[in-house]
Amino acid sequence: MPTIRPQEPPEPHRFRQVAESFGIDPDRYDRTRPHYPQALIRRIVTESPGPDILDIGCGTGIAARQLQAGGCRVLGVEPDPRMAEYARRTGVTTEISTIENWDPADRTFDAVISAQAWHWVDPLAGAAKAAQALRPTGRIVLFWNAFQPPAPITEAFVTALRRAVPDSPFDPGAATSALDAYQRMIDLAAKGIRETTRFTTPEQWRFDWTLDYTREAWLDMLPTQGALTRLSPTQQALILEAVGAAIDAQGGTFTMPYTALAITATTRPSRTDC
C-alpha cells in the first residue's frame, strides 16, 4: 500500500482531495474492491450488543451490505455524494457528511464501524463522535484489508508510479511491508480511541485470507487505489502497462494474501449509567 511521503503531514485525513476522490467511478470501486472475511463480519455481529450499526465512510456500502446480510440495520455516513448515492441504490440508507461534521440528532447505535476508511478521519474527533453515537457498552470496530502483491508486481508498481508521478504525495516504497503501513493506521486509531477516555482499552483482531486474481481483475481494481484515483488517463495507463507485464511474467494470475486488521473497544459506562 502506498504511504504518504514523510515530508508531508503524516496524517492521511489531511489529504481531503484524495479522501474524497474514490467516487470518481463508484461502479468500478464496488465491483472490484474486495469484501471482508466472513469471520470478521460474524465477530462484529456477535460482539455488538445489538443490531443497529453506524458505518463511517461507508463508500459504496460493501461492508454495510455484508452486515445487513448478517441481520444488522445499518446507517451509512459518507462524505462523497457519488459514493453515497451508489450505496443508497444498493439498499444502504446513507447520509452525506464527514463524520467530524455529522449530527447524530440524538440517534444512538449498538456499534460503530469503519471499513477501509478510518485513516481519512481525524482519529480523535472521529472517536469522540463515535462515542457520542454509541449506546452504553456499545462497540467501535475499525478495520482494513491489508494486502501486498508478490514482490515483482509491487516493484513494477512502485517504479511505474515514481516515473509517472515523481511529485506524488504517496511514497509506495516507504513502508517495509503492507502490514507495517496498516499497523501504523491501527496504532493511530487506537491512540484516538484512548485519548477520548470514553472507551475501554482497545484490542486488536486479525483474520488472514486469500483471493485469486487474474491480470484483468487486478488491473480493473488498481485505479480505485488512492495513489491513482486523481491521475490522468495517460499516467494510469503507464502504471497499468507496467503492472500488467509483471503479472504476465507471473503466469497471468496470482494469489493475494489479505490480512483483515481491526481495532476495537467498548464504551465505558458513564456515571449516569451506573
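These numbers come from a predicted model, not from an experiment. Numbers for residues simply follow the sequence, beginning at 1.
Applying the salt bridge (charged side-chain N to carboxylate O under 4.0 Å, His left out) test to D52 and every residue at least two apart in sequence or in another chain returns R73, R135. By the side-chain hydrogen bond (donor to acceptor under 3.5 Å, both in side chains) test, Q116 is found to be paired with Y182, residues two or more places apart in sequence or in another chain being considered. Partners of D248 by salt bridge (charged side-chain N to carboxylate O under 4.0 Å, His left out), not counting sequence neighbours, listed by chain and number: R215. The side chain to side chain contact (heavy atoms under 4.5 Å, CB included) test applied to T94 returns C58, E78, A84, A87, R88, V92, not counting sequence neighbours. For A245, there are no side chain to side chain contact (heavy atoms under 4.5 Å, CB included) partners at least two apart in sequence or on another chain. Annotation: salt bridge (charged side-chain N to carboxylate O under 4.0 Å, His left out) contacts of E195 (sequence neighbours excluded): K191. For N101, the side chain to side chain contact (heavy atoms under 4.5 Å, CB included) criterion is met by S97, T98, not counting sequence neighbours. The ring pair (Phe, Tyr, Trp, His ring centres under 6.0 Å) test applied to F109 returns no partner, not counting sequence neighbours. In this structure A237 satisfies the side chain to side chain contact (heavy atoms under 4.5 Å, CB included) test with no other residue, sequence neighbours excluded. Partners of R43 by salt bridge (charged side-chain N to carboxylate O under 4.0 Å, His left out), not counting sequence neighbours, listed by chain and number: E47.
Of the possible polar contacts, one joining the R107 side chain to the P104 backbone as a donor-acceptor pair under 3.5 Å is found. In this structure, the side chain of E100 engages the main chain of D122 through a donor-acceptor pair within 3.5 Å. Using a distance-only test at 3.5 Å, with no hydrogens or angles considered, a donor-acceptor pair links the side chain of R33 to the main chain of T224. Without hydrogens or angle criteria, Q235 side chain to R230 main chain gives no donor-acceptor distance under 3.5 Å.
Of all heavy-atom pairs spanning T60 and T90, the tightest one is O-OG1, 3.7 Å. Residues T196 and A127 come closest through the heavy atom pair CG2-CB, 3.5 Å. Across all non-hydrogen atoms, the minimal contact from I62 to P34 is CG2-O, 4.1 Å. When every heavy atom of N145 is checked against every heavy atom of P37, the shortest pair comes out as OD1-CD, 4.0 Å. The minimum heavy-atom distance between I263 and A189, with the atom names listed, is CG2-CB, 4.0 Å. P51 approaches D110 most closely through the heavy-atom pair N-OD2, 3.2 Å.
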Pairs under 3.5 angstrom only: tabulate donor-acceptor contacts from the side chains of residues 249-262 to other protein residues two or more places apart or in another chain.
{"unit_1": "T255", "atom_1": "OG1", "unit_2": "D212", "atom_2": "OD1", "d": "2.6"}
{"unit_1": "Y258", "atom_1": "OH", "unit_2": "Y213", "atom_2": "OH", "d": "2.6"}
{"unit_1": "T259", "atom_1": "OG1", "unit_2": "D208", "atom_2": "OD1", "d": "2.8"}

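Using a 3.5 Å distance cut-off with no hydrogens or angles, the side chains of R268 and T200 do not pair a donor with an acceptor.
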Are L222 and W218 close enough, and set up right, to give a side-chain contact (heavy atoms from CB on, under 4.5 Å), and what steps lead you there?
CA-CA 6 Å; L222 205 55; W218 185 249; 3.8 Å; yes
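In this structure, R194 and F199 have side chains that are not in contact, with every pair of non-hydrogen atoms separated by 4.5 Å or more.
The pair R31-D25 does not meet the salt-bridge criterion, since no charged nitrogen lies less than 4.0 angstrom from a carboxylate oxygen.
If you take OG1 on T46 and CD1 on I41, they are separated by 11.0 Å, rounding to the nearest 0.5 Å.
Evaluation of the ring-ring contact (aromatic ring centres under 6.0 Å, His included) test over residues 29-50, restricted to residues two or more places apart or in two chains, returns Y36-F143.
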